[in-house]
Amino acid sequence: MLPDPAELTLRPLRAPRRLTLAEQVTRDLTARMEGGELRPGDQLPTERELMARYGVSRTVIREAMSSLRAAGRLATQQGRGAFVLEPAPQLSAYRLDPSEAGAAADVLKLMEIRIALESEAASLAAQRRDEAGLAELTRIVSEFEASIEDPEQSAVHDQAFHLCVARLSGNAYFGSLLGGLSSRLLPRARIDLFKEDAAAKLAYLRLLQVEHANILDAIRRADAEGARAAMRLHLTNSRERLRAALDRLGGAAP
C-alpha cells in the first residue's frame, strides 16, 4: 500500500555550495593537468603570474597551491618553484554508519569553529614563533610521520601538532580554547570513516602528514598568509571529507 502523499515529510533541497576563489583556481589547474595542458614534470607559472592570470590575491594562489600539494599533484622545490606530479591514487570512499550521523553533524559544527580559530592561530604562529617552538613543531611533525602506520599513536601526535601551533601564536587564549576542546579535537577519534579498510586509513594519514608539512613550512618561512591558508585548507579538507560521507548517508549537514 502506497503512503498518503499528505503524510510524507518533504526534505527541503539545499542549494549547492558556492566555490571559494581558491577552490576555483584549484579546479581550473586540476582540469589543465587532467586535460594534458600541464604534464608531469612541467613547472607551474610563478605566484605573480598566476595572480595576474586569475585576478586573485597571493593568499588565494597559495591556498590553491597548498591544496594541490596536499592532493599530491604538485611538488615544490626550494628556489625553483612548483612542478606537476603524476596523479596520486584516489582514496576509497569514506563510509559512515547511520548510528554515527548525529556525531558527524556535531563534528561538522565543531570544525567550523576550528577553521576560524586555528587558521588565525597559524597566521600568528608564523609571525611570532621562536626557535624553540619551531623545533618542537618540527619534532612533532616528524613523530607523526614516523607513527603513520600506528593510527592510535599518530592521533596523539596529530593532537599535539594542533595544540603546538596554538601555543606558537603567542596568545595563551588560543591554547586554552583548543585545550578545552582537546578530547573532541580529532574527528577520527569519534568517527571511523574507514572501518576495516587499513589501506584507506593509511593513505588518509599520509595525506594528513602532507598537510601538516605544508603548515610547518609556512610557519618556518614566517609566511603568515601561507600558514593561514594551509591550516584553513587542512581543516576544510577534514570538514568536507566528513560532509561527503554524511551526504552519502542521506543526513542533512548543517
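Positions are given from 1 along the sequence.
- Among all heavy-atom pairs drawn from Leu163 and Gly179, the shortest one is CD2-N, 3.9 Å.
- Shown here for Ile219 and Ala227, the closest heavy-atom pair between the two residues is CG1-CB, 4.0 Å.
- Taken from CZ in Arg27 to OG1 in Thr20, the straight-line distance is 9.5 Å, to the nearest 0.5 Å.
- Atom OH in Tyr54 sits 3.5 Å away from atom CG in Asp28 (nearest 0.5 Å).
- Taken from OG in Ser169 to CG in Leu117, the straight-line distance is 9.0 Å, to the nearest 0.5 Å.
- Taking CG of Leu29 as the start and CZ of Arg73 as the end, the distance is 10.5 Å to the nearest 0.5 Å.
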Verdict with supporting geometry, Gln153 and Val156, side-chain contact (heavy atoms from CB on, under 4.5 Å): CA-CA 5 Å; Gln153 190 60 33; Val156 173; 4.2 Å; yes
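- Between Ile113 and Lys109, every side-chain heavy-atom pair lies at or beyond the 4.5 Å cut-off.
- Glu143 is linked by a salt bridge (charged side-chain N to carboxylate O under 4.0 Å, His left out) to Arg139, counting only residues two or more places apart in sequence or in another chain.
- Hydrophobic clustering (ILVMFWY, side-chain heavy atoms < 4.5 Å, transitive): Leu85 and Phe83 are in distinct clusters.
- Minimum interatomic distance between Ala121 and Phe174 (heavy atoms only, all atoms of both residues): CB-CD2, 3.8 Å.
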Determine whether Asn214 and Val210 satisfy the following criterion, side-chain contact (heavy atoms from CB on, under 4.5 Å), listing intermediate values before the conclusion. CA-CA 6 Å; Asn214 288 338; Val210 172; 4.0 Å; yes
Would you check, one step at a time, whether the test side-chain contact (heavy atoms from CB on, under 4.5 Å) holds for Leu134 with Leu216? CA-CA 8 Å; Leu134 189 56; Leu216 170 62; 4.1 Å; yes
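- Scanning all heavy atoms of the two residues, the minimum distance from Leu50 to Met65 falls at CD1-CE, 4.1 Å.
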Verdict with reasoning, Leu74 to Met33, per side-chain contact (heavy atoms from CB on, under 4.5 Å): CA-CA 10 Å; Leu74 284 183; Met33 293 175 192; 3.9 Å; yes
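- Legend: residues meeting salt bridge (charged side-chain N to carboxylate O under 4.0 Å, His left out) with Arg220, ordered by chain and number and at least two apart, are absent.
- The salt bridge (charged side-chain N to carboxylate O under 4.0 Å, His left out) search around Glu120 returns Arg228, not counting sequence neighbours.
- Residue pairs meeting the salt bridge (Lys or Arg N to Asp or Glu O under 4.0 Å) criterion with at least one partner in residues 127-136, sequence neighbours excluded, are Glu136-Arg167.
- Every residue was checked against the salt bridge (charged side-chain N to carboxylate O under 4.0 Å, His left out) condition with Arg206, not counting sequence neighbours, and none meets it.
- Around CD of Glu149, the count of heavy atoms belonging to other residues, nucleotides or ligands within 6.0 Å does not exceed 12.
- The stretch residues 211-237 participates, sequence neighbours left out, in these ring pair (Phe, Tyr, Trp, His ring centres under 6.0 Å) pairs: Phe144-His212, Phe161-His212, His162-His212, His162-His234, His212-His234.
- Using a cutoff of 4.0 Å between basic side-chain nitrogens and carboxylate oxygens, Glu47 and Arg62 are scored as salt-bridged.
- Rounded to the nearest 0.5 Å, atoms CZ (Arg48) and CZ (Arg58) are 5.5 Å apart.
- Of the residues Glu118, Glu240, Arg239, the one that meets the side chain to side chain contact (heavy atoms under 4.5 Å, CB included) test with Met111 is Arg239.
- Considering all non-hydrogen atoms of both residues, Ala22 and Ala64 come closest at O-CB, 3.8 Å.
- Taking each heavy atom of Asn237 and Glu211 in turn, the nearest pair found is ND2-OE2, 2.8 Å.
- Taking CG of Leu44 as the reference point, atom CG of Asp42 lies at 8.5 Å (rounded to 0.5 Å).
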